[in-house]
Every structure is written in structure tokens, then in C-alpha cells.
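Here is the structure we will look at.
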There are 2 protein chains.
Amino acid sequence: MGSLDPSLISGLPVFEGLSPTDLDRIVGQARSLRIARDQPVFEQEQEAHSFFLLLDGHVRVVKSTPDGQEVTVRYISPGELMGIAHALGRTTYPANAMAAVDCVALAWPSRLWPAFAADYPSFGANTYKVVGSRLQEAHSRVIELATEQVEQRVAHALLKLVNQAGKKTEEGILIDFPITRQNIAEMTGTTLFTVSRLLSAWEDLNFVKGGRQKVTVVAPHQLLLIAEGRARKS
Amino acid sequence: MGSLDPSLISGLPVFEGLSPTDLDRIVGQARSLRIARDQPVFEQEQEAHSFFLLLDGHVRVVKSTPDGQEVTVRYISPGELMGIAHALGRTTYPANAMAAVDCVALAWPSRLWPAFAADYPSFGANTYKVVGSRLQEAHSRVIELATEQVEQRVAHALLKLVNQAGKKTEEGILIDFPITRQNIAEMTGTTLFTVSRLLSAWEDLNFVKGGRQKVTVVAPHQLLLIAEGRARKS
DNA sequence: CGCTCGTTTGACTTTCCTCAAATTGCGTGG
DNA sequence: CCACGCAATTTGAGGAAAGTCAAACGAGCG
């Protein structure tokens, strides 16, 4: 494999506080891999053999319920860790991870995890910070699901996606990977029909522009009003 | 203050792997405190001056939304840590903590946290394990809220409470602290009316026995059937 | 050019919330 | 010790939100 460009990697929050030498040592033990669109990066209940750092692309992390329903836990963006089961005290992955587009990632064998955390304290600390912030994120989602109505949750989800994967176009801000109404429904605990209706309504109001596996946000501020429940009900 | 009984404390999962000496050093720096029922232990957005270990009682952890709705994040049982904002990379508490009954806790100044984690690695590791397991818990709640209906969520909540604070009585398993329909509603993202209706229905079926600020679970297995959606709808 | 799969839309149903009103349990002060 | 009053609870009626299902449409790929 070709050697990795260090400039892509240093400067990521995960590696903050590491000396260049340590960084090299860590990255040197990774293998880099390519995951094609719609291919799994890892699967729920599988033995967690590796943990990953996404370098390019977007990964959808989905949990399946026993009865086959799916809930999207989060989208991973470039620079984020994923599959860090061991930092949660698990030996299996807690969810499925699917490449939403063609992706590039680094992978380390999970068995290196304890040594990394011990030998490079700031790497360990940074990782735990990630876990901490994901806990807070998860709590926000609990609050949202418990207190907001579907309309607000879908608006929130779109705004989150825009912040995370928004790409400026002439029409507005495009969510820069293929995403279906069903995907949005799985992020917000609703059905694809309800999402479709909402998007249609918002398209009539010129807040968004839809498309097949595509959403462009035209008026983020209007969506924010809806998300916060401050929009007048028609 | 009277010296603390070490036998109460050693043997807690948080202190697993610590030498008796280290344990003493840690506990020696704690102050113990009593919190009267319905008094706050700490409050949302407050500077996180301390973190706590609950020794006796039960603490309700509640997050308030900007518009005044409340969501119960979890109940803390004896032996559990709370207020560990610093382990999440925060300097303020993310929620309100209220004593559900008269409580006893140990408190450490938050500024000791980094030193503890560094000097007593297993304490640090145990704490991060706590954060990891709370992340997984939070994810389960997201799944529940996104996929289950109210009936299932309330049944799940009761079962969780029974496991955590159940006390065997002649009538069944009593949830051993005062809890209102409103409290249960805040755990499950519903209203006190719906909870009341469900409990009334279940009381008719002899699955539970209600009371003012009191719930006794008579037939946990039946509740489990409801929680898993395997109960025949009447 | 046709087929597949995502999307839209309508009609209908169900679940759950909202609000009002009555009722009950329990602690407190007379 | 009892009555009062507060707060929790119950119950009903009505309505709103969102789910279900069926059917048709349309975009993009091979």
C-alpha cells in the first residue's frame, strides 16, 4: 500500500497533543482500507477485531432491533473514530456501520487499544473525550425523542446533517451523500411517509429542495424555527 | 465527621482493582454528606465543583428543556457515581440531580479528578467503563423511544426500576422510593394521564398494584411480555 | 427503453395527548 | 383525634398527530 499522507491526519482532534513521533508510531500500525458504497465497515454483534478512523466518506451507523426495525445512531464524518467498542468495555460491535459513499479509513487491531491508551495518554484522553461527547449527544437525542414532535425532530436531523455534511451549491446547502426518506425516518423515529410529507410541505414553502436520495436545505433559518417549535403552525 | 466504614465501600465496582492503600487515599479525600429528600445534589448548568458516589438512597437525574419540559435521564442507586461531568469533558453539570429519598453520598472536589485518573489507573479505567456503559444505556433508550409504543416503554421502565430498586414484599416487588405517575411519564416520554391509564389497566389484570407515589409489580413476567410487544392486545 | 426502487399522495385508522372534572390518600394543624 | 387542604390520581370526552396501507408516479441505471 502507498504510504499515507501525514498532513491529512495530524491536526485531527483525536491526535491532538501527540508528538509527531508518537503519531507516526500510531499511524504506522494502521492499515488503510477502502470501503465501497453500501458495503459494511463492521457489523452488529460481530467480534470487534478493529477500530477505525474515517479519512474520507460518510458512514451510517445503524442499530437493528430484534424485530427488524432499524434506528440510525449517527453518521460518521471524516476525522472521526468508529468501532471503538473497546473504549466502551465491549468486545463486539454495538451496531452496523455501512458506507454511505465510497470511503477510506484507517484500521487498527483492537488488541492494540489498551497499549495505545497506556503509552500515549493524550490519545487515550482524546478517545474518552469522544465517548463523553457521544454520551451527551445520545442524551440530547433522548430528550428530543421524548419531548419534540416529528416535525421538529426531522428539522433537527436535517440541520445536523447540514452541519456535518453540508456542501454549498447554488440552490442551497446539499447534504453531500445519498440519503433516502427512509434513512431520515430511521434517524428520527418516524416513517418514510411522514418524512416525505414534511419534505413536500417544506418544498412548497421553499425551505428545502428534494430529490431522489437527495436533500438540499435552502432556508436553514426557517428549519431552525421549526426545529425549535417557534414556527407558526399553518 | 465520623470515619466511614470501609466495608461499605470496598467491593464497589468503581473501586475494583484498587489496593486497600489507594482506596484509603481516595476515600480519605472525600467528604461525606447527607441530602434530604427532595433536595438537589447538583443542578444543571452549575459549575461542577464536585463529583459524587451515592452510598445510600436514590437520586433522580433530570434534564430540563428550554421550554420547561423535564426528562428523567436515570436513577442513581447506591454504589454509583454521579456528577462526573469532568469525565465527560464538561465543567458544568449536564442535569439536575434530586434526592428521591434521604441520601448519603461521598463527594470529591472535581479538581482532584485528573489526579485520581492519573495516579490510580484502575479508578480511571473503571470510571470510563461507567461512561461507556451509560452511553450504551442511552443508545438503548434512543432505540426504545424511536421504535416502541408507550405501553412497551412504560413496562420497560417499571422493569428497570424493579431491577434497580425492587424490594420484595408480600404483595409483589415494590419500587422502593416514592415515584409519581408524572415521574414515570418523564422517564418514558409520555404524559401522567397515559401512565395512569396503563397502570389502572394493569392493576385490573393484576400485573401491578398502584398507590400514591408507589408502584408494586406483581407479575414481572407479564410486564416483560408487554415490554417486548409479545402480549396479545385485548 | 424498460425495470427497479425511491418517492408521493390519498384515505383511513390508531395511538396518544389535551383538558376538565371528580376523587382519593395523606400529612398537618387545630 | 379529626377535619381540612394539598397534591396525586383517576376517568371521560374529544381531538390532533402520526402511523398504515394501497396505489400510482418518476428518476436513473443498465
Side-chain angles (χ1 to χ4, degrees), chain A residues 36-38 60 67-71 100 144-155 157-158 175 177-205 208-216 226 229 231-234, chain B residues 36-38 60 67-71 100-101 144-155 157-158 174-175 177-205 208-216 226 229 231-234:
Chain A
R37 177 173 168 188
D38 290 334
R60 197 190 332 275
D67 57 311
Q69 292 186 82
E70 312 224 300
V71 178
E144 279 187 24
L145 285 162
T147 64
E148 298 180 354
Q149 45 194 59
V150 170
E151 190 187 28
Q152 298 176 266
R153 303 204 301 265
V154 173
L158 289 184
I175 293 166
F177 53 80
I179 186 166
T180 65
R181 308 295 180 262
Q182 175 69 33
N183 294 148
I184 297 174
E186 287 170 3
M187 297 178 69
T188 49
T190 180
T191 62
L192 79 103
F193 305 102
T194 298
V195 172
S196 175
R197 275 182 238 277
L198 287 171
L199 289 184
S200 297
W202 292 339
E203 186 148 10
D204 291 346
L205 293 168
V208 304
K209 175 132 187 6
R212 190 193 175 84
Q213 304 200 98
K214 199 174 73 168
V215 181
T216 303
I226 294 170
R232 59 165 185 7
K233 300 280 159 71
S234 64
Chain B
R37 178 173 168 186
D38 290 333
R60 199 190 330 275
D67 57 309
Q69 294 186 79
E70 313 225 298
V71 178
V101 294
E144 279 187 23
L145 285 163
T147 64
E148 298 181 353
Q149 43 195 59
V150 171
E151 189 186 31
Q152 296 176 268
R153 303 205 302 267
V154 173
L158 290 183
L174 170 72
I175 292 166
F177 54 80
I179 186 167
T180 66
R181 308 293 180 264
Q182 175 68 34
N183 292 330
I184 297 174
E186 286 172 3
M187 298 178 69
T188 50
T190 181
T191 62
L192 79 102
F193 305 101
T194 299
V195 172
S196 175
R197 275 181 237 279
L198 287 171
L199 289 184
S200 297
W202 292 341
E203 186 149 10
D204 292 344
L205 293 168
V208 305
K209 177 133 189 1
R212 190 192 175 84
Q213 304 201 98
K214 200 175 73 165
V215 180
T216 305
I226 294 169
R232 61 162 184 9
K233 301 279 157 73
S234 63

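Checking V150(A), I184(A), L198(A) one by one against T190(A), the side chain to side chain contact (heavy atoms under 4.5 Å, CB included) holds for a single residue, V150(A).
OP1 or OP2 of dG19(D) lies within a sub-4.0 Å distance of a side-chain N or O belonging to T190(A). A sub-4.0 Å separation between OP1 or OP2 of dG6(C) and a side-chain N or O of T180(A) is absent. Residue T194(B) places at least one side-chain N or O closer than 4.0 Å to OP1 or OP2 of dC17(C). At least one side-chain nitrogen or oxygen of S200(A) sits closer than 4.0 Å to the OP1 or OP2 atom of dT9(C).
Here the P atom of nucleotide dA16(D) and the CD atom of E151(A) are 15 Å apart, to the nearest Å. Rounding to whole angstrom units, CD of residue Q213(B) and P of dT10(D) are separated by 12 Å. Residue K209(A) contributes atom NZ, which lies 11 Å from atom P of dT8(C) at whole-angstrom precision. When the C1' atom of dC16(C) is taken as reference, atom CD of E148(B) falls 16 Å away, rounded to whole Å. Distance, L199(B) CG to dT10(D) P: 7 Å, rounded to whole Å. Nucleotide dG26(D) holds its C1' atom 14 Å from the NZ atom of K214(A), rounded to whole Å. The interatomic distance linking Q149(B) (CD) with dG19(D) (P) rounds to 11 Å, in whole Å. Separating the CD1 atom of I184(A) from the C1' atom of dA18(D) is a distance of 17 Å, rounded to the nearest angstrom.
For dC5(C), its base sits under 3.5 Å from the side chain of R212(A) at one donor and acceptor pair at least. Residue-to-nucleotide contacts include no donor-acceptor pair under 3.5 Å from the side chain of R181(B) to the base of dT24(C). Counting distance only, with no hydrogens placed and no angle test, the side-chain atoms of R197(A) and the base atoms of dG10(C) include a donor-acceptor pair under 3.5 Å.
To the nearest 0.5 Å, the span separating CD on Q182(B) from OG1 on T191(B) amounts to 8.5 Å. Atom CD1 of residue I175(B) and atom CG of residue L158(B) lie 5.0 Å apart, to the nearest 0.5 angstrom. Here the CD1 atom belonging to I179(A) is positioned 5.0 Å from the CZ atom belonging to F177(A), to the nearest 0.5 angstrom.
Contact annotation for G211(A): backbone-only contact, meaning every heavy-atom pair under 4.0 Å involves sugar-phosphate atoms and none involves a base. Residue-level contact check: L192(B) touches the bases, meaning some heavy atom is under 4.0 Å from a base atom.
Under the 4.5 Å side-chain criterion, counting only non-hydrogen atoms from C-beta, L145(A) is not in contact with E144(B).
Side chain of S196(A), nearest nucleotide from dT9(D), dG19(D), dT7(C): dT7(C). Across dC17(C), dT10(D), dT8(C), the shortest atom-to-atom separation from the side chain of F193(B) is found for dT10(D).
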